[in-house]
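Worksheet for the structure shown next.
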2 protein chains.
Amino acid sequence: MRPPTIRDVAERAGVSKSLVSLVLRGSDQVRAAKREAVLTAVDELGYRPNAAARSLSERRTRTVGVLLNDMRNPWFVDLLDGLNSRLHDNGLRTLLADGHLNRRLGEDLTRTFTELRVDGLIAVGTLPPSEALRTAAGRIPTVVAGAREPTLPHVDVVAGDDQHGARLATEHLIGLGHRRIAHIAGDGVVGALRRRSFETVMREHGLSDTAAVERGDLTEEGGYRATVRLLGIPERPTAILAFNDMACVGALSAAEELGLKVPRDLSLVGYDNTYVSRLRHLWLTTVDNASHDVGRRAAQCLLDRIAEPTRPGQVVLITPTLEIRGTTGPPPGH
Amino acid sequence: MRPPTIRDVAERAGVSKSLVSLVLRGSDQVRAAKREAVLTAVDELGYRPNAAARSLSERRTRTVGVLLNDMRNPWFVDLLDGLNSRLHDNGLRTLLADGHLNRRLGEDLTRTFTELRVDGLIAVGTLPPSEALRTAAGRIPTVVAGAREPTLPHVDVVAGDDQHGARLATEHLIGLGHRRIAHIAGDGVVGALRRRSFETVMREHGLSDTAAVERGDLTEEGGYRATVRLLGIPERPTAILAFNDMACVGALSAAEELGLKVPRDLSLVGYDNTYVSRLRHLWLTTVDNASHDVGRRAAQCLLDRIAEPTRPGQVVLITPTLEIRGTTGPPPGH
DNA sequence: GACCGCTTTTGGACCGTTCCAGAACGTACG
DNA sequence: CGTACGTTCTGGAACGGTCCAAAAGCGGTC
C-alpha cells in the first residue's frame with residue numbers, strides 16, 4: 001500500500017518513466033496523445049511526486065525556510081504575506097519554524113533547515129545572536145527581514161527605516177504642540193536607532209532638555225512599568241513615544257490607572273501598526289512599517305542572492321508611514 | 001563547493017560509508033577508536049546529513065506538517081507549544097504552513113505536505129472544508145486540533161470542551177446575579193456547541209425568556225456590531241457572553257461608546273484566554289481552553305495513529321477553566 | 001531504398017542516504 | 001591447529017526521481 005511512483009504511472013500509461021517525468025515537468029516535446037495518457041494515469045493512481053527524490057536528483061528543494069523569532073507577537077504576519085506571495089510567484093514554497101518554541105527545546109532550527117537543504121533562509125525579526133545562524137548563512141543564501149541584526153558577510157537586511165519612523169512620530173507630537181515628550185526605549189539595534197532618532201529630532205527642535213528616555217522592554221508589562229516611572233516625575237511628559245504597540249498598550253493602562261485621560265492629558269504613539277493597535281478600544285496612533293513591502297523586498301533580495309550568492313550584503317530600508325488614530329492630540333491647555 | 005557527503009566523511013576517517021552511517025545513528029556496535037575518527041571527520045568537514053536522501057531511503061521523514069488556519073489570530077500559540085514539545089520528545093520535527101496566506105495564492109498546502117511525505121498532519125483550527133484535506137487524510141495520519149470539524153473516517157479530533165466552557169461562563173454570570181444575558185454566537189460546529197450550551201444553562205435556571213442570542217462573527221467588528229444591536233433593545237442585557245476574545249473586545253468598545261461602564265453597567269465574558277484578553281487595559285474575563293493540553297493530547301493522538309493508522313477516529317475533549325478578570329461583576333442595582 | 005534531419009522516446013547513470021547479507025577479524029575451545 | 005562464534009566492518013542494492021546521450025520514428029529528397 002505504498003504511494004505510487006513514477007514507474008507505476010509509466011507502466012499504466014504504457015510509456016517509459018522518462019516520458020512521465022517529461023510530461024510532469026511540462027515539456028512541449030511530447031505528443032499530445034501520450035501526454036494525455038500519462039495525465040490520466042497520474043489522475044487514476046493519485047500520483048504525487050516524492051519531493052525527497054526530486055530534490056535529491058535536482059540538487060535543490062525549491063523551498064525556503066523562514067525562521068520566526070516568536071509567534072506570540074504577530075507583527076510579522078503582513079511581512080510573511082508579502083514574502084510568501086513573491087516567493088510563490090517564483091516557484092518557491094516556504095516552510096515556517098517558530099524559534100521561541102524550539103529554542104526552549106534546545107532544538108536548532110538552522111540545523112533542521114540545513115539538513116533539509118533549503119534553497120534559502122529568511123530570518124524574521126531579531127533573533128538571539130547565535131553561532132548557528134552564522135554558519136548556516138555561510139552555506140545557505142540568507143536574508144534578515146524586519147530586523148537590523150545580525151549583520152553577517154553575505155547576508156542582506158531588509159527592514160523598516162526606524163530612524164525615519166521615529167522621526168515621523170516625534171515630529172507629529174511636536175507638531176501637536178507637545179514639548180515634554182518621553183520615549184520608552186527597546187533594546188538591540190532597532191531600539192537604539194529609534195531612540196537616537198527621537199533624541200535627534202528633539203534636539204533639532206531645541207527640546208533636548210524636555211526629552212526623557214526610559215528603558216522598557218518589548219512587552220506590555222515593560223511599557224506599563226516605564227510609564228509609571230515617567231509619570232511619577234515632577235514635570236511629567238505630556239506625550240510618550242513607545243518602542244512598540246505592546247509597550248504602548250502598557251502605557252495606556254498605566255495612564256488610566258493614574259487617572260489620566262488619553263489623549264486629553266497624555267498622548268501616546270506606538271510602533272508596528274499591529275492589529276492590537278487597530279482594536280477600536282485601543283485605537284493607537286502608531287508607526288506603520290509597511291511590512292508587506294518589507295516582505296516583498298526581502299523575497300526579492302533572497303531571489304537575487306540565490307542567483308548570485310557571493311555578492312556583498314546590502315541593507316534595504318523601507319519608508320514607514322504614520323497612522324494617526326485616537327491616542328494623540330494637543331497637550332493639555334493648548 | 002558542494003556540501004560534503006557521507007562518503008567524504010568516510011574517506012577522511014578511513015572507514016566505509018556504512019560505518020559512518022552506523023556511528024551517526026548512534027549504534028553501539030562500533031569500536032570507540034573508529035567512532036572517534038568518524039566524529040572528528042564530521043566536525044572538520046562540517047558534515048550535515050541530507051534529509052532528502054535519508055528520508056528517501058528510510059521511507060519516512062520524521063516530520064509532521066502543521067496546517068494553520070490563520071496566523072492573524074494567535075490563539076493557537078500555546079497549542080503549538082504543547083504539540084511541539086510532545087512531538088519533539090518522540091524525535092519528530094514540525095513544519096508550519098499558514099493557510100490564510102497560501103489560500104489566497106490558490107496554493108494547496110496539503111499538496112505540499114503530501115509531496116514532502118510528512119509522517120503526519122495536524123490541522124489546527126477550523127479549516128475551510130476542502131476535498132484536499134479529505135484525500136490527504138486518507139493517505140497521511142491526520143489529527144484535527146482545536147476545532148471540531150471536519151469529521152473524517154480515520155481522523156482524530158482533539159479540542160476544548162466547548163459545552164463545558166460555555167456552561168462555566170454562563171453559570172458564572174448567573175451566579176453573579178445576572179438574569180438578562182446575551183450571547184454573541186459564532187459559526188461552525190464550535191459556534192453551535194457554545195450557543196446550545198448557553199441556551200441549555202439558561203433554561204436550566206428558568207431564564208429562557210431573558211436569554212438573547214445575536215449572530216456575530218469571530219472578529220472585533222462582528223462583536224461590536226452585535227453588541228450595538230443587543231444594547232439597542234428595550235430591556236437590554238446586563239451581561240454578554242461573546243464567542244471569543246476578539247468579539248468580546250468589540251463588545252467592550254460598543255459598551256463604552258454607548259456610555260456604559262464595564263463591569264458596573266455591563267458584564268462581558270470572552271473565550272480563548274488569548275494574550276489580548278490578558279492586556280491590562282482590557283483584562284477580560286474569559287474561558288481558558290487549556291490549549292497547551294490540547295496540543296499535547298493532539299500530539300499523542302498523532303503518535304498513536306502513526307503507530308496504528310486504521311484505528312477508528314476518536315474525539316478527545318479537554319476540560320476548560322474559567323479565568324475571572326475585570327469585565328464581570330454583579331448586575332447594576334444588585 | 002538509402003540517407004538526412006527533425007521530433008519523440010528510452011535506458012541507464014546518478015543524487016546521498018539506509019539496510020542487509022556476508023566478509024574480516026579476534027578469541028576461546030576442543 | 002582447525003573450528004566455532006561473537007563482534008566489527010563493508011560492498012552493493014535499494015529508495016524515487018532527473019538528466020543526458022543515444023535510439024527510434026517519421027516524413028521528405030535524391
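Just so we're on the same page: letters track the sequence lines, and every chain starts at 1.
Residue B:Ser57 places no side-chain N or O under 4.0 Å from the OP1 or OP2 atom of D:dA14. In this structure, B:Arg59 reaches the D:dG16 phosphate: one of its side-chain N or O atoms is under 4.0 Å from OP1 or OP2.
Rounded to whole Å, the distance from CZ on A:Arg31 to P on D:dA24 is 16 Å. To the nearest angstrom, C1' of D:dT18 lies 10 Å from CG of A:Leu56. Between the C1' atom of D:dT10 and the NZ atom of B:Lys17 lies a distance of 8 Å, rounded to the nearest Å. At whole-Å resolution of the value, CD in B:Glu11 and P in D:dT10 are 13 Å apart. Distance, A:Arg7 CZ to D:dG16 C1': 6 Å, rounded to whole Å. A:Leu24 places its CG atom 9 Å from the P atom of D:dG17, with the value rounded to the nearest Å. Here the P atom of nucleotide D:dG16 and the CZ atom of B:Arg117 are 8 Å apart, to the nearest Å.
Heavy-atom distances to DNA chain D give each of B:Leu19 and A:Ala53 a nearest nucleotide, and the one nearer the 5′ end belongs to B:Leu19. Both B:Glu58 and B:Ser16 lie close to DNA chain D; mapped to their nearest nucleotides by heavy-atom distance, the more 5′-ward contact belongs to B:Ser16.
A:Asn289 places a side-chain heavy atom less than 4.5 Å from the side chain of A:Asp272.
A salt bridge is defined here as a Lys NZ or Arg NE, NH1 or NH2 lying under 4.0 Å from an Asp or Glu carboxylate O, and A:Asp293 with A:Arg296 meets this definition.
Taking only side-chain atoms of B:Leu22, from C-beta outward, the nucleotide of D:dC19, D:dT10, D:dG17 with the closest atom is D:dT10. Distance from the side chain of A:Arg54 is smallest to D:dT18 among D:dG11, D:dG16, D:dT18.
Residue B:Lys34 is in sugar-phosphate contact alone, with no base atom involved, counting any heavy-atom pair closer than 4.0 Å across all strands shown. Note on A:Arg60: nothing from the nucleic acid sits closer than 4.0 angstrom, heavy atoms only.
For the side chain to side chain contact (heavy atoms under 4.5 Å, CB included) criterion with A:Cys301, the lone passing option out of A:Val158, A:Val155, A:Val144 is A:Val158.
Few gaps surround CD on A:Glu115; more than 12 heavy atoms of other groups in view lie less than 6.0 Å from it. Within 6.0 Å of the CZ atom in A:Arg134, the count of heavy atoms belonging to other residues, nucleotides or ligands does not exceed 12.
In terms of modelled atom types and a separation under 3.5 Å, the side chain of A:Arg139 and the main chain of A:Arg117 share no donor-acceptor contact.
Judged by atom type and distance alone, B:Ser18 reaches the base of D:dG11 through a side-chain donor-acceptor pair under 3.5 Å.
Think of the region where chain B sits on DNA chain C: with heavy atoms and a 4.0 Å cut, that region ends 5' and 3' at C:dG16 to C:dC19.
Looking at every heavy atom in both residues, A:Gly125 comes nearest to A:Ala147 through C-CB, 3.4 Å.
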